[in-house]
Undergrad: 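Sharing a structure, written as structure tokens. Questions coming.
Order of appearance sets the numbers: ligands from 1, and atoms from 1 within every ligand.
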Amino acid sequence: MSETAFTPRVFSGIQPSGNLHLGNYLGALKRFVDWQAKDMETIYCMVDLHAITVWQDPKDLQQSTRELCAGFIAAGLDPESSILINQSQVPEHAQLAWIFNCIARMGWMQRMTQWKDKAGKNQQNASLGLFAYPALMAADILVYHATHVPVGEDQKQHLELTRDIAIKFNHDYGVNFFPETEPVIEGAATRVMSLRDGSKKMSKSDASDASRINMTDDADAIAKKIRKAKTDPEGLPSEVKGLEERPEARNLINIYAALAEQSVDQVLADVGGKQFSEFKPMLAELAVEKLAPISTEMARLMNDQAEIDKILTRGAERARAITAPILRQTYEIVGMVQPVEL
Ligand code: AMP
Ligand code: TRP
């Protein structure tokens with residue numbers, strides 16, 4: 001099989017671990033919607049099996065999974081055009097992950113910066129699942145033979161590992177079965193930073209709620225967080241080089257550009273020379289305009305949880321039509337005796 005034999009297919013996932021935020025939206029979700037508009041099969045996943053690599057309260061996990069699904073739809077994903085799934089409902093993800101656990105090497109996993117960050121100083125006490133996390137992620141992608149994976153900058157290393165796993169599997173078994181997936185890291189906001197500290201990425205787990213704009217924040221909360229965002233005393237430059245060494249200013253400009261769907265150069269041509277006291281209300285207005293309808297729609301969808309559950313059930317059914325044959329072929333390649341019809 002040559003590489004060109006793989007049909008283009010888009011896959012990506014987000015963890016249902018609460019606090020879906022502006023970084024998730026600009027780095028991932030908004031891009032998912034762009035890919036849906038292209039003439040390609042798109043599959044988007046709430047990765048609940050990944051979420052439990054660190055402790056999740058069961059009730060919160062359920063709530064966050066449904067809320068994430070509502071967020072997907074509210075942001076513009078159409079459950080007919082895209083396949084929307086909850087990871088644990090498509091068992092082939094976990095099944096292929098086991099095979100990949102036997103392909104990936106300990107040393108590869110130990111180099112992952114997300115592992116090092118999340119396990120912290122006490123690696124001995126981290127879950128085995130947290131260590132194996134990237135092998136499950138590779139399985140998510142490769143169980144669809146997905147070729148394109150839109151993500152934020154922080155996932156680049158995991159996608160390189162996904163390629164390494166595909167290459168080693170193909171090499172070890174002498175096949176060309178898994179594609180070498182392309183990471184798609186695009187747009188002005190592939191790494192949205194904390195509003196309180198321009199050196200830290202905006203994150204679900206930051207203790208300070210003021211550090212992030214949550215997709216469930218209302219217009220007042222959004223405006224207030226932007227007004228209070230950390231900045232420096234300088235005005236805004238009219239060229240990108242004037243943003244060097246100014247991470248907080250750079251971050252707000254990137255956010256503006258991504259929300260307005262303009263380039264950073266275009267934005268600076270308009271706002272260069274302004275003070276933050278003038279720019280922040282512009283940013284707040286734009287953010288409210290783009291985000292408030294999404295949070296309103298999320299809240300509306302959350303009123304009908306039975307409908308969300310049906311969408312995910314239907315998504316899993318469609319997904320399994322793709323994943324079951326790929327898993328079966330994988331098992332055959334590996335030499336596992338498969339059931340026959342009785
Ligand atoms: P997670 O919430 O860790 O499951 O991330 C889901 C998606 O959002 C991934 O594609 C991440 O790369 C992306 N993402 C998370 N945080 C940020 C951020 N601060 N800036 C841009 N993208 C992000
Ligand atoms: N690891 C990703 C994150 O934390 C989530 C994820 C899991 C994912 N499986 C994936 C992203 C497959 C893209 C493709 O952001």
Undergrad: Starting from atom 21 (C) of ligand 1, what is the nearest protein heavy atom, named by residue and atom, and what distance separates them?
TA: Thr190 O, 3.2 Å
Undergrad: If you round to the nearest 0.5 Å, how far is OG of Ser208 from NZ of Lys200?
TA: 7.5 Å
Undergrad: Could you check whether Gln36 and Thr42, counting side-chain N and O atoms only, form a donor-acceptor pair closer than 3.5 Å?
TA: no
Undergrad: If you count the atoms of ligand 1 from 1 in the order shown, which ones are under 4.0 Å from a heavy atom of Val151?
TA: 10 (O)
Undergrad: N/O to N/O below 3.5 Å, does that happen between Ile14 and ligand 1?
TA: no
Undergrad: Where is the nearest protein heavy atom to atom 22 (N) of ligand 1: which residue, which atom, and how far?
TA: Gly23 O, 3.1 Å
Undergrad: Looking only at protein heavy atoms, which one is nearest to atom 7 (C) of ligand 1, and what is the separation?
TA: Ala28 CB, 3.6 Å
Undergrad: Heavy-atom contacts under 4.0 Å between Val47 and ligand 1: side chain, backbone, both, or neither?
TA: neither
Undergrad: Can you sort out the partners of Glu285 under salt bridge (Lys or Arg N to Asp or Glu O under 4.0 Å), two or more places apart, ordered by chain and number?
TA: none
Undergrad: According to a 4.5 Å side-chain heavy-atom criterion applied to Ile, Leu, Val, Met, Phe, Trp and Tyr, with indirect links allowed, do Leu77 and Met302 form part of one hydrophobic cluster?
TA: yes
Undergrad: Starting from atom 16 (N) of ligand 1, locate the nearest protein heavy atom and write down its residue, its atom name and how far away it is, to 0.1 Å.
TA: His21 CE1, 3.5 Å
Undergrad: State whether the shortest distance between N or O atoms of Gly13 and N or O atoms of ligand 1 falls below 3.5 angstrom.
TA: no
Undergrad: Under 4.0 Å from a heavy atom of Gln155: give me the atoms of ligand 1 that qualify, with their elements.
TA: 12 (O)
Undergrad: In the protein, which heavy atom is nearest to atom 11 (C) of ligand 1, and how far is it?
TA: Asp154 OD1, 3.3 Å
Undergrad: Give the numbers and elements of all ligand 1 atoms closer than 4.0 Å to a heavy atom of Gly27.
TA: 21 (C), 22 (N)
Undergrad: Grab the two heavy atoms, one from Ala132 and one from Asn101, that are nearest each other, plus how far apart they are.
TA: CB-OD1, 3.8 Å
Undergrad: Pick out the protein N or O atoms lying less than 3.5 Å from any N or O of ligand 2, and list each pair with its distance.
TA:
residue  : atom   : partner : partner atom : Å
ligand 2 : 1 (N)  : Tyr133  : OH           : 2.6
ligand 2 : 1 (N)  : Gln155  : OE1          : 3.0
ligand 2 : 4 (O)  : Gln15   : NE2          : 3.1
ligand 2 : 4 (O)  : Tyr133  : OH           : 2.9
ligand 2 : 9 (N)  : Asp140  : OD2          : 2.7
ligand 2 : 15 (O) : Gln155  : NE2          : 3.3

Undergrad: Ignoring hydrogens and geometry beyond distance, is a side-chain donor-acceptor pair present between Gln157 and Thr113 at under 3.5 Å?
TA: yes
Undergrad: Can you list everything that forms a salt bridge (Lys or Arg N to Asp or Glu O under 4.0 Å) with Lys280? Sequence neighbours excluded, please.
TA: none
Undergrad: Closest by any non-hydrogen atom to atom 14 (N) of ligand 1: pick that one out of Asn19, Leu159, Asn24, Ile255.
TA: Asn24
Undergrad: Quick one: look at Met193 and ligand 1, take heavy-atom pairs under 4.0 Å, and tell me if it's side chain, backbone, both or neither.
TA: neither
Undergrad: Is it true that Phe11 and His145 have ring centroids separated by less than 6.0 Å?
TA: no
Undergrad: Taking Leu68 as the starting point, is it possible to reach Leu49 by hopping between hydrophobic residues whose side chains are less than 4.5 Å apart?
TA: no
Undergrad: Side chains of Asp197 and Ser199: is there a donor and an acceptor less than 3.5 Å apart?
TA: yes
Undergrad: How many angstroms lie between atom SG of Cys69 and atom CG of Leu84, to the nearest 0.5 angstrom?
TA: 5.5 Å
Undergrad: Return the closest protein heavy atom for atom 2 (O) of ligand 1 as residue, atom name and distance.
TA: Lys204 NZ, 2.7 Å
Undergrad: Mark up the atoms of ligand 1 that fall under 4.0 Å of a heavy atom belonging to Arg191, in ascending order.
TA: 20 (N), 21 (C)
Undergrad: Could you see if Ile311 belongs to whatever hydrophobic cluster contains Val47? Use Ile, Leu, Val, Met, Phe, Trp, Tyr and a side-chain cutoff under 4.5 Å.
TA: no
Undergrad: Below the 3.5 angstrom mark, is there an N/O of Pro150, backbone or side chain, next to an N/O of ligand 1?
TA: no
Undergrad: N/O to N/O below 3.5 Å, does that happen between Val192 and ligand 1?
TA: yes
Undergrad: Would you mind telling me if ligand 1 is within reach of the side chain of His50, the backbone, both or neither, using heavy atoms under 4.0 Å?
TA: neither
Undergrad: Take Lys30 and Glu261, measure what salt bridge (Lys or Arg N to Asp or Glu O under 4.0 Å) needs, and give me the verdict at the end.
TA: CA-CA 11 Å; Lys30 196 166 183 307; Glu261 300 186 14; 2.7 Å; yes
Undergrad: Would you please test Glu317 and Arg314 for salt bridge (Lys or Arg N to Asp or Glu O under 4.0 Å) and show each step?
TA: CA-CA 5 Å; Glu317 200 175 275; Arg314 171 86 187 107; 3.2 Å; yes
Undergrad: Relative to each other, are the rings of Phe169 and Phe100 parallel, tilted or perpendicular (30° and 60° limits)?
TA: perpendicular
Undergrad: If you have a sec, work out which protein heavy atom is nearest atom 10 (O) of ligand 1 and how many Å separate them, to one decimal?
TA: Gly152 N, 3.1 Å
Undergrad: Restricting to salt bridge (Lys or Arg N to Asp or Glu O under 4.0 Å), what partner residues turn up for Lys201, sequence neighbours left out?
TA: Asp154
Undergrad: For ligand 1, which atoms have a heavy atom of Gln15 less than 4.0 angstrom away?
TA: 3 (O), 4 (O)
